[in-house]
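Below is one structure, written out as structure tokens; comments come after it.
The basis for the numbers below is simple: all heavy atoms, side chains too, and nothing from hydrogens, waters or symmetry mates.
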Amino acid sequence: MSNKTLENYVITIARGFGSGGKEVAHHLSEALGIECYENRILTLASEMSGLDEELFEEVNEKLRGKKTARLLNALPKTLRPSPRDDGFVSDDRLFQFQKDIIVRLADTQSCIIVGKCADWILKDRKNVVSVYIEAPRPFCRQRIMMKMGVNAQTADLSISNTDKYRAQYYQYYTGGNYWTNPVNYDLTLNSERMGIEGCVQMIIHCLEVKLGIHTESA
């Protein structure tokens, strides 16, 4: 891969539940040879938020530069859908830790970040491509039924609850912005129409158009 700007770049991916956005992110990670971060960010932030102030400062001081990425990479990753059946409850401390982790990642490496309001957190950076992936309900329903081994009714409930949680999460932490607003993103994709690999190629093309980054996969 050649990068004419010679700097880190970040791809953020927001997605509707069941749209295959997480799968797109991981295929993209393989195509570009860069790390993809999703639930590992929440896991690390949760561990940090549970520390008392003195111990937190000690750990936080050690997580400089690429140490944050190395710690995240040691955590397990999964492609299994993670539905949210609970209602949204704000946790400003936890979100601040997630935000700090995302900023550190963006400062130190090229990577893909899924969810966590990453598009909003990094919106003022010029080296970011932000993507939103969605698909019609029947398509999402079938994917969730297959991946979670549930019936259509359960799949529909998981989609509704998870998307509602993500919308409320995004609105709260971005100060009232709407998660599905296409203006928030550089690229909005319908994964049913484009397919997983088609979405990957469109994002790679967007890297070239917006940032001038050329890859062998383009």
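At a cut-off of 3.5 Å, with distance as the only test, no side-chain donor of Arg141 or Thr154 sits close to an acceptor on the other residue. Donor-acceptor pairing under 3.5 Å is lacking for the side chains of Asp92 and Gln96.
Cluster annotation: Val150 is not connected to Leu157 through the hydrophobic network of ILVMFWY side chains, with a link wherever side-chain heavy atoms come within less than 4.5 Å. The hydrophobic cluster containing Val103 also contains Ile41, counting ILVMFWY residues as joined when their side-chain heavy atoms lie under 4.5 angstrom apart, directly or transitively. Val209 and Met202 fall into different hydrophobic clusters, defined by Ile, Leu, Val, Met, Phe, Trp and Tyr side-chain heavy atoms under 4.5 Å apart, directly or through other members.
Within the model, atoms CD1 of Ile13 and CD1 of Ile112 stand 6.0 Å from one another, a figure rounded to the nearest 0.5 Å. If you take CG on Asp119 and CD1 on Ile113, they are separated by 10.5 Å, rounding to the nearest 0.5 Å. Here the straight-line distance linking atom CH2 of Trp120 with atom OH of Tyr170 works out to 6.0 Å at 0.5 Å rounding. Going from atom CG of Asp156 over to atom SG of Cys140 covers 10.0 Å, rounded to the nearest 0.5 Å. Summarising the geometry, atom NZ belonging to Lys116 is positioned 10.5 Å from atom CZ belonging to Phe95; distances are rounded to the nearest 0.5 Å. Note: Gln153 CD to Ser158 OG = 10.5 Å, rounded to the nearest 0.5 Å.
Contact check for Ser130 versus Leu187: no side-chain heavy atoms found under the 4.5 Å cut-off. Here the side chains of Val131 and Ile133 are in contact, with some heavy-atom distance below 4.5 Å. Taking the side chain as every heavy atom from C-beta outward, Phe17 and Ile144 approach each other to under 4.5 Å.
The side chain to side chain contact (heavy atoms under 4.5 Å, CB included) test with Ile121 singles out one residue from Val128, Thr174, Ile102, and that residue is Ile102.
Side-chain atoms of Ser110 never come within 3.5 Å of backbone atoms of Asn8 as a donor-acceptor pair (strictly under, hydrogens ignored). Using modelled atom types, one side-chain atom of Thr108 and one backbone atom of Arg104 make a donor-acceptor pair closer than 3.5 Å. Put simply, the side chain of Ser191 gets close to the backbone of Ser19: a donor and an acceptor are under 3.5 Å apart.
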Check step by step if side chain to side chain contact (heavy atoms under 4.5 Å, CB included) holds for Ile203 and Leu189.
CA-CA 9 Å; Ile203 296 169; Leu189 297 169; 4.0 Å; yes

Begin from the C-alpha positions of Glu30 and His26 and carry the test side chain to side chain contact (heavy atoms under 4.5 Å, CB included) through to its verdict.
CA-CA 6 Å; Glu30 293 176 358; His26 284 274; 5.6 Å; no

Show your working on side chain to side chain contact (heavy atoms under 4.5 Å, CB included) between Leu44 and Ile101 and close with a plain yes or no.
CA-CA 9 Å; Leu44 179 57; Ile101 291 169; 3.8 Å; yes

Steps toward side chain to side chain contact (heavy atoms under 4.5 Å, CB included) verdict (Thr12, Val129)
CA-CA 6 Å; Thr12 70; Val129 167; over 6 Å; no

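When every heavy atom of Ala106 is checked against every heavy atom of Leu122, the shortest pair comes out as CB-CD2, 3.9 Å. Nearest heavy-atom pair, His27 versus Val200, reported as atom, atom and distance to 0.1 Å: CB-CG2, 3.7 Å. Closest heavy-atom contact between Phe97 and Ala45: CD1-O, 3.7 Å. Closest approach of Ala135 to Asn190, counting heavy atoms only: CA-OD1, 4.0 Å. The two residues Gly16 and Glu134 have their closest heavy-atom pair at CA-OE2, 3.4 Å. The minimum heavy-atom distance between Ile204 and Ala31, with the atom names listed, is CD1-CB, 4.1 Å.
The ring pair (Phe, Tyr, Trp, His ring centres under 6.0 Å) search around Tyr132 returns Trp179, Tyr185, not counting sequence neighbours.
Applying the salt bridge (Lys or Arg N to Asp or Glu O under 4.0 Å) test to every pair with at least one member in residues 176-192, sequence neighbours left out, gives these pairs: Asp186-Lys210.
In this structure, Asp163 does not pair ionically with Arg137, as no charged nitrogen and carboxylate oxygen lie closer than 4.0 Å. In summary, Glu23 and Arg15 do not engage in a salt bridge, as defined by a charged side-chain N under 4.0 Å from a carboxylate O.
Around atom CZ of Arg193, no more than 12 heavy atoms belonging to other residues, nucleotides or ligands sit under 6.0 Å away.
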